[in-house]
Amino acid sequence: MEAQRTLRRPISCVGIGLHSGNKVNLSLKPAAPDTGIRFRRTDMGNFEVPATVHNLAGIQMATALSRDQVSVETVEHLLSALVSMGIDNVVVELNSPEVPIMDGSAAPFIYLIQEAGVKRQQKGRRFLKIVRPIALSRGDKRIAIYPSDHFKVTYSVSYDHPLLRHQSRTLRITEESFIEEIAPARTFTFLKDVEMLRQNGLALGGSLENAVVLGETGVLNALRFEDEFVRHKILDAVGDLALVGYPVIGHLVAHRAGHALHTEFAARILEETQAWRLIEEPLDVAVPAASPATAPARLV
Ligand SMILES: [Zn+2]
């Protein structure tokens, strides 16, 4: 059995909201087993919004949650860091509706989690293991998940832009691979969209400090990876899939998807109860007769 995990101690940081441009205080606090990931608005009487598909709110540029009209926005990069570091239980305190954008990647959140430390708890963790494929498409956007012994993501993007005609990557997501290959990849935007967003009162906190900006022919800031864009899409997909509420074991394959499709798919996975099982061991493999010492995964 693998133990559930929380943080060893509370930790805080300050950043700005991408859309409001306002300063935000963020604290991550240890939580009891089976709490899950919960957002708490300290500016709204400590009202809590659990990070599950049941609290999905309207999706535009980022993933938002809301419950009883209290919302938390731009949750995906933080969720991506938390689940990839194996944090099952945590309370995320915010004094504003927006999770701070930091540098546009998940790396600052990884740093916070590492500084706080990870603590194993006295209760077993459950995994959602995909046993039959599930697929969803909307126009030319597609997403699917297939049975696999590990959590893997294949993502491909194609845009009408010389730098982004096609990028594709497959990665098995582990704590190590996420920290090295995915967490530093920043969000990206097109220069032509920035003015439009600003006119609509959005992206007021956006700058070259927290997003890769694509001009007509090139990028305005230095890239961290040649294919930073598709890596960031993997980061987003992992964060949005966290709303399933369990670590997922399966191979997620997405093409030209975005937050709306990722989160609709997370909800679909939970509805398709014939397509998965909850298990207590990540490797639900048949046990060879010669190794009786290895117990098979137990169904729960
Ligand atoms: Zn993102």
Side-chain angles (χ1 to χ4, degrees), residues 15-21 24 26 37 39 51 56-65 71-85 92 94 97-113 141 143 153-159 161 163-164 167-169 171 173 178-179 181-191 193-194 197 202-214 219-221 223-225 227-244 252 254-266:
I16 58 163
L18 174 62
H19 289 305
S20 64
V24 187
L26 167 86
I37 300 172
F39 289 89
L56 266 173
I59 310 284
Q60 289 197 332
M61 307 298 294
T63 299
L65 303 170
S71 64
V72 283
E73 294 157 26
T74 323
V75 297
E76 62 272 18
H77 302 164
L78 175 60
L79 290 180
S80 191
L82 287 168
V83 297
S84 298
M85 297 292 282
V92 180
L94 292 168
E98 271 191 279
V99 174
I101 189 67
M102 311 309 284
D103 70 349
S105 80
F109 299 128
I110 295 287
Y111 177 75
L112 275 183
I113 296 164
K141 302 174 193 298
I143 191 163
V153 180
T154 296
Y155 215 112
S156 57
V157 294
S158 52
Y159 291 89
H161 188 280
L163 271 182
L164 266 183
Q167 284 188 356
S168 179
R169 178 166 277 270
L171 191 71
I173 307 290
F178 187 84
I179 292 170
E181 310 279 344
I182 302 299
R186 292 161 297 172
T187 191
F188 55 95
T189 186
F190 296 92
L191 187 58
D193 294 336
V194 173
L197 287 169
L202 295 169
L204 299 176
S207 74
L208 292 175
E209 302 294 308
N210 54 37
V212 176
V213 180
L214 287 132
V219 281
L220 274 60
N221 30 10
L223 290 175
R224 292 178 178 174
F225 305 99
D227 62 349
E228 188 166 353
F229 312 99
V230 73
R231 291 177 193 242
H232 186 80
K233 296 298 281 189
I234 293 176
L235 191 165
D236 281 341
V238 169
D240 289 333
L241 202 66
L243 299 175
V244 163
L252 184 76
H255 176 66
R256 303 195 70 170
H259 294 301
L261 194 59
H262 298 160
T263 53
E264 184 183 355
F265 191 62

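In listed order, ligands and their atoms are each counted from 1.
The backbone N or O of Thr74 lies less than 3.5 Å from no partner atom in the side chain of Glu98, so there is not a single donor-acceptor pair.
For Arg186, the salt bridge (charged side-chain N to carboxylate O under 4.0 Å, His left out) partners at least two apart in sequence or on another chain are Glu228.
Atom OD1 is the N/O/S atom of Asp236 found closest to the Zn ion (ligand 1).
Taking 2.8 Å as the threshold, His259 does not count as a candidate ligand of the Zn ion (ligand 1), since none of its N, O or S atoms lies below it. Among the backbone and side-chain atoms of Glu76, none of the N, O or S atoms lies under 2.8 Å from the Zn ion (ligand 1).
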Would you give me the side-chain donor-acceptor pairs under 3.5 Å for residues 204-213, sequence neighbours excluded?
unit_1: Ser207; atom_1: OG; unit_2: Glu209; atom_2: N; d: 2.9
unit_1: Asn210; atom_1: OD1; unit_2: Ser207; atom_2: N; d: 2.9
unit_1: Asn210; atom_1: ND2; unit_2: Gly205; atom_2: O; d: 3.0

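Between Phe190 and Tyr159, the ring planes are tilted. Angles from 30° to 60° get that label.
Angle subtended at the Zn ion (ligand 1) by His77 NE2 and His232 NE2: 100°, rounded to 10 degrees.
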